[in-house]
Amino acid sequence: MPLALLALAVGAFGIGTTEFVMMGLLPDVADDLHISIPTAGHLVSAYALGVVIGAPLLAAVTARMSRRTVLIGLMAVFVAGNALSAFAPGYDSLLAARFLSGLPHGAFFGVGAVVATGMVAPERKARSVSLMFLGLTVANVAGVPVATLMGQHMGWRATFLGVSAIGLAAIAALALLVPRDHTHATAAGLRHELAALKSLPVWLALGTTVAGFGALFAAYSYVTPMLTDSAGFAPASVTLLLALFGVGATAGNLLGGRLADHAMRGTLFGGLAALGVVLALFPVLMRAEWSAALGVALLGMAAFVTGSPLQLMVMEKAAAAPSLASSANQAAFNLANAGGAWIGGLALAAGFGATSPALAGALLAVLGLGVAGVAYAVDRRRAGVPTGRLVASHVPEQQEQVHR
């Protein structure tokens, strides 16, 4: 695997750290800015809104630029957003800075996935994407806990300065390691890029992402009360358990990348099925501390097995605009985050118990399986192949165009 993937992973590590660290810093930010915890929670929403808006927009308007230049520019915006967060004088300015920090998130992963797959042999594409995502999952193991401790002992502003330093390191790595001869985008206009997203298979792939990762976030958003109220863990133990989730996510991400290179559809179906089973078992797993810890790790593993195949599938279905489609998939991830958390909250508000969000997530995983099944049937019908079995090879985009 090329060293350029390391540069992409460093950028992903910084992005993953700044995305999730705010959850742990909310009380400190609220106290310092004299706002309520729910009001401080809008800082999380502002970042997610930036991702959803910035992902397709920035990918589209930079379609004719060198991808290496785009990646460095996106990381520069990331550094600026986090630096402005560190020096924000009040809540409104911090809200704007968090929105700015989120703008490059989706486009970086989207363009980065195109660069990663363009530097390796076809049989290693999913693995290259998983290595880029490795930075995101490792951020949950090391970056977020360390950044949270930094914020608690040195002030939350120090955390964002630290994340800015990671971004600067990523810029240096991108400039040194990403080769120029692998980074030129096609000279397609904005209208042509957007037209590539009109395909039904693209929207089915995006729908699978929303449902599949919505299943994860329906449960993960409320994992702390599950661990404390149902499993009996002390609140101080939750940080360590969340790091265990990151370990499972890292293992699942690497496993998914390796398996998807052999059978992309099979890996996707297997991962969604495993996610549904783990979530359905959560009420049982949360009855004891040891099984709850196991359940958290399995949740991370099952969910992130599907990350690489979902990203690769969206890119293949929109081969004429892979950067835009790949970035749109990152927007879908964040819609899954918001939608899953909302659905899990409905289950809690209805009084179904602390583990009810996991059962709601299991239903979303089943929905994701259904959407993936429809996408598979559509692909095989367009390719003129019977839908009786899952195949390891991918249907070439050129063949799909013929059947359209």
Could you go through residues 274-297 and list every donor-acceptor pair under 3.5 Å that involves a side-chain atom there, pairing it with any protein atom two or more places apart or in another chain?
residue	atom	partner	partner atom	Å
Ser291	OG	Leu285	O	2.5
Ser291	OG	Ala288	O	3.1

Those residues that, when tested against Ala372, pass side chain to side chain contact (heavy atoms under 4.5 Å, CB included) (two or more places apart):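 Checked Ala372 against side chain to side chain contact (heavy atoms under 4.5 Å, CB included); matches are Thr208, Leu268, Phe269, Leu272.
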I'd like to check the side chain to side chain contact (heavy atoms under 4.5 Å, CB included) partners of Ala97; sequence neighbours left out, ordered by chain and number.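 Once residues adjacent in sequence are excluded, the partners of Ala97 under the side chain to side chain contact (heavy atoms under 4.5 Å, CB included) criterion are Leu84, Ser85.
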Using a 3.5 Å distance criterion without hydrogens, assess whether the side chain of [X] forms a donor-acceptor pair with backbone atoms of [Y].
| X | Y | result |
| --- | --- | --- |
| Arg157 | Ala88 | yes |
| Asn334 | Val52 | no |
| Asn253 | Gly307 | no |
| Asn337 | Phe333 | no |

Mind listing the side-chain donor-acceptor pairs of residues 160-176 below 3.5 Å, one per line with the distance, residues two or more places apart or on another chain?
residue	atom	partner	partner atom	Å
Ser164	OG	Ala83	N	3.2
Ser164	OG	Phe160	O	2.9

Take Val29 and Leu94, measure what side chain to side chain contact (heavy atoms under 4.5 Å, CB included) needs, and give me the verdict at the end. CA-CA 10 Å; Val29 174; Leu94 181 57; 3.9 Å; yes
What's the spacing between [X] [atom1] and [Y] [atom2] if we round to 0.5 Å?
| X | Y | atom1 | atom2 | value |
| --- | --- | --- | --- | --- |
| Met226 | Ser356 | CE | OG | 7.0 Å |
| Ile343 | Leu348 | CD1 | CG | 13.0 Å |
| Ser93 | Leu33 | OG | CG | 8.0 Å |
| Arg127 | Asp261 | CZ | CG | 5.0 Å |
| Thr69 | Arg67 | OG1 | CZ | 12.0 Å |
| Met65 | Leu58 | CE | CG | 10.5 Å |

Partners of Tyr222 by ring-ring contact (aromatic ring centres under 6.0 Å, His included), sequence neighbours excluded?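 ring-ring contact (aromatic ring centres under 6.0 Å, His included) list for Tyr222, sorted by chain: empty.
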pair [X]-[Y]: side-chain heavy atoms closer than 4.5 Å:
| X | Y | answer |
| --- | --- | --- |
| Met264 | Ser308 | no |
| Met119 | Pro179 | yes |
| Leu136 | Phe109 | yes |
| Gln311 | Phe133 | yes |
| Leu204 | Leu200 | yes |
| Tyr91 | Leu43 | yes |
| Ile15 | Met75 | yes |
| Leu335 | Gln330 | no |

Any chance the side chains of Asn329 and Thr209 put a donor and an acceptor closer than 3.5 Å?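 Indeed, the side chains of Asn329 and Thr209 share at least one donor-acceptor pair under 3.5 Å.
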Under a 3.5 Å cutoff, is there a donor and acceptor pairing between the side chains of Arg258 and Thr267?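 No, no side-chain donor-acceptor contact under 3.5 Å.
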Do the two ring centres, one from Phe213 and one from Phe304, sit under 6.0 Å apart?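 Between Phe304 and Phe213, which both carry aromatic rings, the centre distance is below 6.0 Å.
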Under 6.0 Å between ring centres: does that hold for Tyr47 and His105?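 So the answer is yes for these two rings.
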Starting from the C-alpha separation in whole Å, work towards a yes-or-no answer on side chain to side chain contact (heavy atoms under 4.5 Å, CB included) for Leu254 and Leu131. CA-CA 7 Å; Leu254 293 174; Leu131 289 177; 3.9 Å; yes
Considering all heavy atoms of both residues, which atom of [X] and which atom of [Y] are nearest to each other, and what is their separation?
| X | Y | result |
| --- | --- | --- |
| Asp28 | Trp156 | O-CD1, 4.0 Å |
| Leu364 | Ala218 | CD1-CB, 4.2 Å |
| Met313 | Ala205 | CE-CB, 3.8 Å |
| Ala358 | Ala219 | CA-CB, 3.8 Å |
| Val378 | Pro201 | CG1-CG, 4.3 Å |
| Pro357 | Gly353 | CD-O, 3.9 Å |

Name each donor-acceptor pair under 3.5 Å that joins a side chain in residues 241-252 to protein atoms two or more places apart or in another chain, with its distance.
residue	atom	partner	partner atom	Å
Thr250	OG1	Thr137	OG1	3.2
Thr250	OG1	Gly246	O	2.9

Evaluate the side chain to side chain contact (heavy atoms under 4.5 Å, CB included) criterion for residues Trp342 and Leu346: first the C-alpha distance (whole Å), next the side-chain angles of each, then the deciding distance (0.1 Å), finally the verdict. CA-CA 6 Å; Trp342 177 67; Leu346 290 179; 3.7 Å; yes
